[in-house]
Student: 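Pasting in a structure now, in structure tokens, and then I'll have a few things to ask.
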Amino acid sequence: MGQLKYVLKRLLLMFFTLFVIVAICFVMIRLLPQEMPQEKNLQEAIKLRWEALGYNKPMIVQFGIYLKNIFTKWDFGTSWYVEKMTPAMDLIIGKLLPTVLVNLYSLLLSIPIGIAAGVLAAVKKNKWQDHVISTGVMLFVSIPSYVYAFIVQYLLFFKLGWFDSPTVLSLADAGGSWFTPAMLKSMIMPVIALSFGSIAGLCRFTRAELTETLTSDYMLLARTKGLTRAQATTRHALKNAMVPILPMIISSFIGILGGSMIIEQIFSIPGVGQLYIKAVRLLDYDVFMADSIFYTFVSLLAGIVVDISYGFIDPRIRMGER
Amino acid sequence: MSKAKLDLNAIPREKFEFANKGERLSDQKFEDKPISYFKDAWLRFRRNKASIGAAIIIICIILFSVMAPLFTMGKYDSKFMDPYYAKMGPRNLLLSKIGVAEGTVERKYNDRSYLLALAIGVGADGYDGNTVAISDATEKYMPIKKLLGVNAKSDPIMGDSYSITAEVDTYLNVGFIYRPIEQQEFEKIRAWEEETGIHVLYPLIDTESKYYPKDLDPKGINANYWYRANKKLHPLDERGKKIEYSEGTDFSDVTFTDNYLRDENGDLVYWKYTGGGTLETAQYNVRVLYYNWYLYQNGFEPEYLFGTDSQGYDLALRMAIGIRLSLLVAVFVSVINFVLGAIYGAIEGYYGGTVDIVLERVSDILAGIPFVVVSTLFQLHLAKKVGPIPSLLFAFVVTGWIGTASRVRTQFYRFKNQEYVMAARTLGARDRRIIWKHIFPNSLGTIITSSALVIPSVIFSESMLSFLGIVNLGGSSMTSLGTLLSDASSIWTTYPHLMIFPAIVISLLMISFNLFGNGLRDAFNPSLRGVED
């Protein structure tokens, strides 16, 4: 019961935060100078639409209309420049699949490697395995992802020539689906570039948590009971170390919705991040607004899931209590 | 002990007696000097070799960013740019003697473009006309430094063709260009040529003759086609016959015949009158060897240790500017972070309850807006008024301190219910005293650490935003490492140095600041031993 109340409270708070952020973004974006496009037809359409959205009314009324449209018609505004006259949310949802796929592959690749490397480093603490892994982690965590992207492109595309193009194929080239083998193959490079960082992050986290549990008192007790080191590690230390690791993994699954703008830009993946950059560059405010809401929602959700799952995994923990 | 015998609450008064009556009790003085918190941290930090190494690297990078202008020996500053020498590779005359930074790249040619490159070197030497063999040309102006390999392909329809790999000096490869100059300038160049014995002015090309490759350059703009050639740029001999290359040739026996413009007397023509009335204002078109023209104009030979960027600025100076920008922004944010984060986090963590909930909502809301969105909004609103960099700083100020605040808050939650705090409170200490005197020192290490660790993340965010073009520094004299990388991102496969140097610098910065921050963290928090992130 307490758990449910806690979850509800957190959800409520999240939506409150989201609401305030949406309001701030709405006002900030609406205050920006709007320019009319050259095209006559488009001008007419925009004028009509702005009329319906109450652009000549006070800001608060505009915001009301905006919210009403979202709740009643799921209408987050219209894209005028990125793709003419397309509902902004449709545009985002359409771009979601490539983003999710690339990040999902990367996550599926990094979780086992990251945790395995972290466990190895923790078990062999201060031995050469640990030193090698820790040095690697330090490098991979620090070096920015776009540098990997270039290294990966250089090695795999230019030097070894394993791929036909340095970027991800367009939908048409890959046979009209995101799941064809050609598409899968062309996604390998961005997936690798993305994975370096997340493998290193996960490895570091796992190592830190596991070294802490390995030195705790119950491990000593377990050993005195007669368990071998391997048994004690797998049955006691690993389980306890998973308490903070699992929420992190769960939240990164939500985080894949957000994706990585820079990787999408370098490998020209037609995803949400690229859409954001395009919308900002073309000053397509409705798309920018919808994309901002989307990003905010994803990051808030990821945060709250961490806190809630902490509670589920280890009921002793309640984040945000006095 | 049985309960009946001893009632602890009812021990008779007279049974108590002082343990040390009449003696004055005081703590014994330490024989050693006390070690302060910071000294202790410093001692521990000093033992951490990686962090010391990182600190040295950081100092080196800072020195580079400050001293880079000195490396140019005052020859030019960061505003110096030369459009003809854009995207050029690293070149240093001193280092080139030991085979480093020669300004050379490996390039693939077909036979005609290879001969054109050779012809530039030959033409720079044989300016007085007539036929010149490639083997006669000196090294000095020869763009082709080394022939790496020739692949002959024979095709029954297209004829023989060659694919040639060679090491080429990109600076010399620019070759000749046409320049409009005034009479005075013309005489100055003549005087300079006399004085130094270096040729700047070269004979004009007869673009009207049948030996000029009109198909390739109908308007006669390219100043490098100085030799007799057919329409497809195959060199011709004196009788106008195409020179055939044979299998296994290294092209050294090819002889060029010049196609210079000559007047009625058969003398070479060096200038063409293009306009202007008086002696001073008369305009001439001349053909100059760009390498020597550069020398004439600037007084030094072109050498850029890190090459030049996509516009022709010295890459080392541009990088120095970028590093300075990154570091200044990062340090600024770090300081703000330190002050705001500490106060905010302390209040939140100590009071808890409603205060915490309200303040946490505020910081949640600020932290909830993704940083890209915050900085985009600031850029869109403010970039035109106050410039892109102040707008970026505002964005960092709005959200930068939240991380530190939440760390401080956690520390306060951890320590505020500990026994010693309770003891202090029991003894009547005020909130302010408890916060700053008793709990805050515990979080000082965290704050310093997170202020240090904020630096790499700011550097990363800044470079990412300028890479994505959200922070647009174009048009201003500022640049950032991200901008340099984004300029390079489409052309770096041909000009790798544009990518390699900024990427190395930013990676080094990130690695060393992270190591440095980790060292600080371990030094300030021995109990954590690298556990906390």
Side-chain angles (χ1 to χ4, degrees), chain A residues 13-14 16-21 24-25 28-29 31-33 134-135 138-139 141-147 149-151 153-154 157-158 166 201 204-205 207-209 211-212 215 258 261-262 265-266 273 276-277 279-281 283 285 288 291-293 295-300 303 320-322, chain B residues 50 351-354 356-357 360-362 364-374 376-381 384 413 456 459-460 463-464 467-470 472 481-482 485-486 488-489 492-493 496 499-500 502-504 506-515 518 528-533:
Chain A
L13 277 177
M14 185 192 91
F16 169 73
T17 312
L18 184 65
F19 174 79
V20 176
I21 293 175
I24 294 173
C25 286
M28 293 281 278
I29 291 174
L31 282 177
L32 288 168
S134 296
T135 314
M138 194 60 229
L139 290 181
V141 160
S142 304
I143 296 175
S145 55
Y146 48 83
V147 176
F150 293 126
I151 295 174
Q153 269 187 345
Y154 182 73
F157 174 69
F158 289 104
R204 183 164 73 168
F205 199 65
R207 178 185 175 277
E209 292 302 330
T211 34
E212 201 180 41
T215 50
M261 269 183 205
I262 214 150
Q265 186 79 0
I266 292 173
Y276 180 89
I277 302 286
V280 172
R281 207 165 276 169
L283 299 182
Y285 291 127
F288 175 39
D291 222 345
S292 300
I293 296 178
Y295 272 125
T296 312
F297 180 69
V298 168
S299 73
L300 287 179
E321 261 189 336
R322 196 177 177 201
Chain B
Y351 292 103
T354 324
D356 185 26
I357 288 173
E360 192 67 345
R361 280 292 72 68
V362 174
D364 259 7
I365 288 165
L366 289 176
I369 318 174
F371 184 69
V372 213
V373 176
V374 177
T376 312
L377 282 173
F378 270 99
Q379 289 298 322
L380 291 176
H381 272 285
K384 285 212 179 88
Y413 268 108
I459 293 175
F460 174 71
S463 70
M464 186 191 79
F467 184 92
L468 290 173
I470 291 175
N472 190 357
L481 292 171
L485 285 169
S486 117
S489 64
W492 68 279
T493 49
M499 173 63 64
I500 291 170
I504 287 178
I506 199 155
S507 304
L508 269 181
L509 269 179
M510 297 286 294
I511 293 170
S512 44
F513 269 109
N514 272 328
L515 278 176
N518 285 353
L528 288 174
R529 280 189 302 245
V531 169
E532 202 201 15
D533 205 51

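Hydrogens, waters and symmetry mates are skipped; everything else that's a heavy atom, side chains included, is used. First the proteins, then the strands, lettered A, B, ... as listed; each starts at 1. Source: prediction; values computed, not measured.
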Student: Contact part of A:L300 toward chain B, heavy-atom cut-off under 4.5 Å: side chain, backbone, both or neither?
Tutor: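 A:L300 touches chain B through side-chain heavy atoms alone.
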
Student: Could you please spell out the steps behind the side-chain hydrogen bond (donor to acceptor under 3.5 Å, both in side chains) verdict for A:Y276 and B:T376?
Tutor: CA-CA 10 Å; A:Y276 180 89; B:T376 312; 2.6 Å; yes

Student: Go through A:Q153, A:M261, A:M14, A:R281 and name the one with the most non-hydrogen pairs under 4.5 angstrom from chain B.
Tutor: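 Most heavy-atom pairs within the cutoff with chain B belong to A:M261.
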
Student: Rounded to the nearest 0.5 Å, what separates atom CD1 in A:I143 from atom CD1 in B:I506?
Tutor: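 Here the rounded value is 11.0 Å.
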
Student: Looking only at heavy atoms and a cut-off of under 4.5 Å, which of B:S486, B:P496, B:S463 has the most pairs with chain A?
Tutor: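 Sorted descending by pairs with chain A, the first entry is B:S463.
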
Student: Between A:T135, A:L13, A:V280, A:V141, which shows the greatest number of heavy-atom pairs under 4.5 Å with chain B?
Tutor: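 Ranked by contacts with chain B, first place is A:L13.
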
Student: Over 60° means perpendicular and under 30° means parallel, so classify the ring planes of A:Y146 and B:F460, tilted if in between.
Tutor: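 Ring orientation, 0 to 90° scale: parallel.
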
Student: Sort A:I277 into side chain, backbone, both or neither according to what part of it lies under 4.5 angstrom from a heavy atom of chain B.
Tutor: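 Interface part for A:I277: side chain.
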
Student: Sequence neighbours excluded, which residues qualify as side-chain hydrogen bond (donor to acceptor under 3.5 Å, both in side chains) partners of A:S142?
Tutor: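 A:S142 satisfies side-chain hydrogen bond (donor to acceptor under 3.5 Å, both in side chains) with B:N514 only.
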
Student: For the residue pair A:Y295 and B:I369, establish whether any side-chain heavy-atom pair is separated by less than 4.5 Å.
Tutor: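 The answer is no; the side chains never approach within 4.5 Å.
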
Student: Tell me every residue that passes salt bridge (Lys or Arg N to Asp or Glu O under 4.0 Å) with B:R361, counting only those two or more places apart in sequence or in another chain.
Tutor: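 With sequence neighbours excluded, B:R361 shows a salt bridge (Lys or Arg N to Asp or Glu O under 4.0 Å) to B:D364, given in chain and number order.
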
Student: Give, as side chain, backbone, both or neither, the part of B:V374 having an atom under 4.5 angstrom from any heavy atom of chain A.
Tutor: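 Contact with chain A involves no heavy atom of B:V374 at all.
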
Student: Surrounding OH of A:Y154 (heavy atoms of other residues, nucleotides or ligands, distance under 6.0 Å), is the total greater than 12?
Tutor: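 No, because the 6.0 Å sphere around OH of A:Y154 holds 12 heavy atoms or fewer from other groups.
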
Student: Do you know which of B:V372, B:L366, B:L485 has the most heavy-atom pairs with chain A at a distance under 4.5 angstrom?
Tutor: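 The residue among B:V372, B:L366, B:L485 with the greatest pair count is B:V372.
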
Student: Name the region of A:L18, side chain, backbone, both or neither, that has any atom closer than 4.5 Å to a heavy atom of chain B.
Tutor: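 Neither; nothing under 4.5 Å.
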
Student: Does any backbone or side-chain atom of A:S299 lie under 4.5 Å from a heavy atom of chain B? Answer side chain, backbone, both or neither.
Tutor: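 Side chain only.
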
Student: Need one label for A:L283: side chain, backbone, both or neither, based on atoms under 4.5 Å from any heavy atom in chain B.
Tutor: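 Side chain only.
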
Student: Below 4.5 Å, heavy-atom pairs only: which of B:A50, B:P370, B:A503, B:G469 has the largest tally toward chain A?
Tutor: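 Ranked by contacts with chain A, first place is B:P370.
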
Student: Heavy atoms only: give me the nearest B:L468-A:I262 pair and the separation to one decimal.
Tutor: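 Closest approach of B:L468 to A:I262, heavy atoms only: CD2-CA, 4.0 Å.
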
Student: Heavy-atom pairs under 4.5 Å with chain B - which of A:V147, A:D291, A:I293, A:I24 has more of them than the others?
Tutor: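 So the answer, after comparing A:V147, A:D291, A:I293, A:I24, is A:V147.
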
Student: Taking all atoms of both residues into account, what is the closest heavy-atom pair of A:T296 and B:G368, and its distance?
Tutor: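 The pair with the smallest heavy-atom distance is CG2-O, 3.4 Å.
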
Student: Pick one of side chain, backbone, both or neither for A:L31, based on which atoms fall under 4.5 Å of a heavy atom in chain B.
Tutor: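 When you check distances to chain B, atoms from both the backbone and side chain of A:L31 fall under 4.5 Å.
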
Student: Enter the distance from B:I511:CD1 to A:L139:CG here, rounded to the nearest 0.5 Å.
Tutor: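 B:I511 CD1 to A:L139 CG: 5.0 Å, rounded to 0.5 Å.
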
Student: What are the two closest non-hydrogen atoms of B:H381 and A:M28, and how far apart are they?
Tutor: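 Where B:H381 meets A:M28 most closely, the heavy atoms are NE2-O, 2.6 Å.
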
Student: Check B:I365 against A:I21 and note the closest heavy-atom contact, atom names and distance.
Tutor: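 What the structure gives for the nearest pair is O-CD1, 3.4 Å.
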
Student: Mind checking whether B:M464 and A:P144 have side chains closer than 4.5 Å, heavy atoms only?
Tutor: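 Heavy-atom side-chain distance check fails, nothing below 4.5 Å.
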
Student: State, with a plain yes or no, whether a side-chain heavy atom of B:V373 is found less than 4.5 Å away from one of A:C25.
Tutor: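 Yes. Closest side-chain heavy atoms under 4.5 Å.
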
Student: Would you compute the distance between atom CH2 of B:W492 and atom CZ of A:F158 and round it to the nearest 0.5 angstrom?
Tutor: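 Spacing of CH2 (B:W492) from CZ (A:F158) equals 6.0 Å.
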
Student: Within this structure, what is the CG-CE distance for the pair B:L515 and A:M138, rounded to the nearest 0.5 Å?
Tutor: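 Going from CG on B:L515 over to CE on A:M138, the span is 4.0 Å.
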
Student: What distance do A:I151 atom CD1 and B:S507 atom OG have between them, rounded to the nearest 0.5 Å?
Tutor: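 So the gap between those two atoms works out to 7.0 Å.
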
Student: At a heavy-atom distance under 4.5 Å, which candidate from A:V20, A:V298, A:L32, A:I266 has the highest pair count against chain B?
Tutor: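 Going by pairs under 4.5 Å, I would pick A:L32.
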
Student: Heavy-atom distances under 4.5 Å only: say whether A:F150 touches chain B with side chain, backbone, both or neither.
Tutor: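 Interface part for A:F150: both.
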
